[in-house]
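Counting convention: from 1, in listed order, for ligands and their atoms alike. Just so we're clear, the structure is a prediction, and the values are computed from it rather than from any experiment.
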Amino acid sequence: MGCLISLNLASAIVVGGTSGIGRVVAERLAARGDSVVVTGRNADRAAAVAAEIGPSVRGLALDLAEPAGIAAALDSVDRVDSLVIAAIERDENTVRDYDAERALRLVTLKLVGYTEVVHALAPRLAPDAAIVLFGGLAKERPYPGSTTVTTVNGAVSSMVRTLAVELRPVRVNAIHPGVVGDSPAWSANPPAVLEALVARTPVGRLATMEDVAHAVLFLLDNRAVNGVNLDLDGGWLLT
Ligand SMILES: NC(=O)c1ccc[n+]([C@@H]2O[C@H](COP(=O)([O-])OP(=O)(O)OC[C@H]3O[C@@H](n4cnc5c(N)ncnc54)[C@H](OP(=O)(O)O)[C@@H]3O)[C@@H](O)[C@H]2O)c1
């Protein structure tokens, strides 16, 4: 009986689901009854986070910056209805003070690693499956040290277009958040930094991880949305 019930659960995988926005997405998917796999770089941490989220969640480890190991790491994943790839290993880099090794890790992670995950799981994607990739609005608005981040997030926009064509009828979309104020990457910033960002945001608040997870579920669920790069910034790019 338990087996029959689990076969009927929708299956989701959140790559980079052990922290930040990916974790909140995993929590929302689990809360609505999906069976969820969350991944991080470390198996114990991924298992611990999965256990914290709930009984329908399990963890596994893979390193997107080491693409040769990705397919084997995903061996135990069965059918996939929803695939969310949110992982990031941040890189501060400017062209005048360029660290090619660090740049190479992030470029590999977001461009080759994201694609290799999709490649490895492609035979297991349900025909009505949906994929959401994470870019970010550094693609439009660089900040000091964002050269690699700006470049790879811009490339995610293009990746969506080619994958949506190659994988049809599977849908592929991307979300590009601006500054997500309550995410671990930003919440520890001095209040003045966050206040300056709020002042520049027409809605008068920064996007939250909950806002982003809400939009990810929309992109996963809406059967007509495909090949879309969705900016989520409260109008910040307009100012
Ligand atoms: N936070 C923002 O304001 C913001 C703004 C714009 C765009 N974004 C985008 O939103 C996504 C999520 O950002 P976040 O701030 O929520 O991230 P985060 O809290 O830093 O979490 C990063 C996740 O990626 C995993 N990860 C790191 N390096 C990895 C690697 N080499 N291979 C596989 N997994 C790896 C981490 O797992 P472990 O640590 O467990 O290994 C963790 O689950 C990112 O793609 C980011 O570019 C975020």
Side-chain angles (χ1 to χ4, degrees), residues 13-28 36-50 52-53 57 59-70 73-74 84-92 101-102 104-117 120 132-143 146 148-157 159-160 174-189 193-194 197-198 201 205-213 215-216 219 229-234 236-237:
I13 172 163
V14 183
V15 176
T18 56
S19 167
I21 300 164
R23 177 177 173 148
V24 176
V25 171
E27 289 170 354
R28 293 300 149 264
V36 183
V37 174
V38 290
T39 86
R41 286 162 294 186
N42 177 279
D44 291 341
R45 174 168 144 84
V49 170
E52 284 168 23
I53 299 176
V57 185
L60 62 79
L62 55 83
D63 187 341
L64 290 178
E66 305 285 344
I70 290 174
L74 291 169
V84 178
I85 314 184
I88 178 91
E89 201 174 302
R90 286 186 171 79
D91 163 49
E92 278 191 30
E101 282 304 314
R102 292 206 57 174
L104 202 53
R105 234 185 122 74
L106 179 56
V107 169
T108 305
L109 180 155
K110 273 232 175 179
L111 303 189
V112 183
Y114 275 33
T115 310
E116 174 65 8
V117 168
V132 174
L133 309 176
F134 268 75
L137 285 188
K139 75 182 169 72
E140 306 293 337
R141 182 170 279 166
Y143 54 83
S146 78
T148 317
V149 173
T150 292
T151 305
V152 295
N153 285 343
V156 166
S157 305
M159 191 189 297
V160 160
I175 187 149
H176 298 272
V179 168
V180 182
D182 64 346
S183 66
W186 280 95
S187 57
N189 272 270
V193 171
L194 297 173
L197 290 161
V198 170
T201 305
R205 62 186 278 280
L206 297 177
T208 63
M209 294 195 287
E210 204 62 60
D211 292 329
V212 181
V216 169
L219 294 173
N229 282 288
L230 180 65
D231 294 349
L232 197 93
D233 69 342
W236 179 59
L237 272 190

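Leu197 CG to Asn189 CG: the interatomic distance, rounded to the nearest 0.5 Å, is 8.0 Å. The OG1 atom of Thr151 sits 13.0 Å away from the NZ atom of Lys139 when rounded to the nearest 0.5 Å. Rounding to the nearest 0.5 angstrom, the gap separating the CZ atom in Arg105 from the OG1 atom in Thr108 is 8.5 Å. Atoms CG and CG, on Leu206 and Asp182 in that order, are 9.0 Å from each other to the nearest 0.5 Å.
Shortest contact from atom 6 (C) of ligand 1 to any protein heavy atom: Pro177 O, 3.2 Å. Looking only at heavy atoms of the protein, atom 10 (O) of ligand 1 is closest to Phe134 CD2, 3.1 Å.
Among Ala46, Ala87, Ala86, the residue whose heavy atom sits closest to atom 34 (N) of ligand 1 is Ala87. Comparing Lys110, Arg105, Glu89 against atom 47 (O) of ligand 1, the shortest heavy-atom distance belongs to Lys110. Of the candidates Ile88, Val38, Ile175, the one placing a heavy atom closest to atom 46 (C) of ligand 1 is Ile88. Looking at Pro67, Gly178, Gly136, Ala185, it is Gly178 that brings a heavy atom closest to atom 4 (C) of ligand 1. Closest to atom 43 (O) of ligand 1 by heavy atom, among Leu64, Thr39, Thr18, is Thr18. Distances from atom 28 (N) of ligand 1 to the heavy atoms of Arg90, Arg41, Arg23 put Arg41 nearest.
Atoms of ligand 1 lying under 4.0 Å from any heavy atom of Gly16, numbered from 1 in the order shown and given with element: 23 (C), 24 (O), 25 (C), 43 (O). Within ligand 1, the atoms closer than 4.0 Å to a non-hydrogen atom of Gly20 are 16 (O), 19 (O), numbered from 1 in the order shown. Atoms of ligand 1 found under 4.0 Å from any heavy atom of Ser19 (numbered from 1 in listed order, with element): 18 (P), 19 (O), 21 (O), 42 (C), 43 (O). Within ligand 1, the atoms closer than 4.0 Å to a non-hydrogen atom of Leu109 are 29 (C), 30 (C), 31 (N), numbered from 1 in the order shown. Taking a cut-off of under 4.0 Å to the non-hydrogen atoms of Tyr114, the atoms of ligand 1 that pass are 45 (O). Taking every non-hydrogen atom of Gly17 and a distance limit under 4.0 Å, the qualifying atoms of ligand 1 come out as 43 (O). Annotation for ligand 1: atoms under 4.0 Å from non-hydrogen atoms of Leu62 are 32 (N), 33 (C). The distance from ligand 1 to the heavy atoms of Asp63 drops below 4.0 Å at these ligand atoms: 30 (C), 31 (N), 32 (N).
Listed for the Arg23 side chain is no donor-acceptor partner under 3.5 Å among the backbone atoms of Val49. Between the Tyr114 side chain and the Leu64 main chain, no donor and acceptor come within less than 3.5 Å of each other. In this structure a side-chain-to-backbone donor-acceptor pair under 3.5 Å is present from Arg102 to Arg90. The closest donor-acceptor contact from the side chain of Lys110 to the backbone of Phe134 lies under 3.5 Å. Of the possible polar contacts, none joining the Thr39 side chain to the Ala61 backbone as a donor-acceptor pair under 3.5 Å is found. A donor-acceptor contact shorter than 3.5 Å links the side chain of Thr150 to the backbone of Ala138. A donor-acceptor pair is defined here as one N or O able to donate and one able to accept, closer than 3.5 Å; no such pair exists between the side chain of Asn153 and the backbone of Leu137.
Every side chain to side chain donor-acceptor pair (under 3.5 Å) that Asp211 has, sequence neighbours left out, goes to Arg205, Thr208.
Not a single heavy atom of His176 sits closer than 4.0 Å to an atom of ligand 1. The shortest separation from a heavy atom of Gly135 to ligand 1 is under 4.0 Å, placing the residue in contact. The shortest separation from a heavy atom of Gly113 to ligand 1 is not under 4.0 Å, leaving the residue out of contact.
At least one N/O-N/O distance between Arg45 and ligand 1 falls below 3.5 Å. The shortest N or O to N or O distance between Ile21 and ligand 1 is below 3.5 Å. Considering backbone and side-chain atoms alike, Asn42 places every N or O at 3.5 Å or more from each N or O of ligand 1. By the 3.5 Å distance cut-off applied to N or O atoms, Val180 is counted among the residues near ligand 1.
Here Val212 has no heavy atoms under 4.0 Å from ligand 1, in either its backbone or its side chain. Counting heavy atoms under 4.0 Å from ligand 1, residue Ser183 touches it through the side chain alone.
Side-chain contact between Met209 and Pro177: absent, with no pair of heavy atoms (C-beta onward) separated by less than 4.5 Å.
Met159 and Leu133 get closest at one heavy-atom pair: SD-CD1, 3.7 Å.
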- Message: Apply side-chain contact (heavy atoms from CB on, under 4.5 Å) to residues Glu140 and His176 and explain how you reach the verdict.
- Response: CA-CA 10 Å; Glu140 306 293 337; His176 298 272; over 6 Å; no
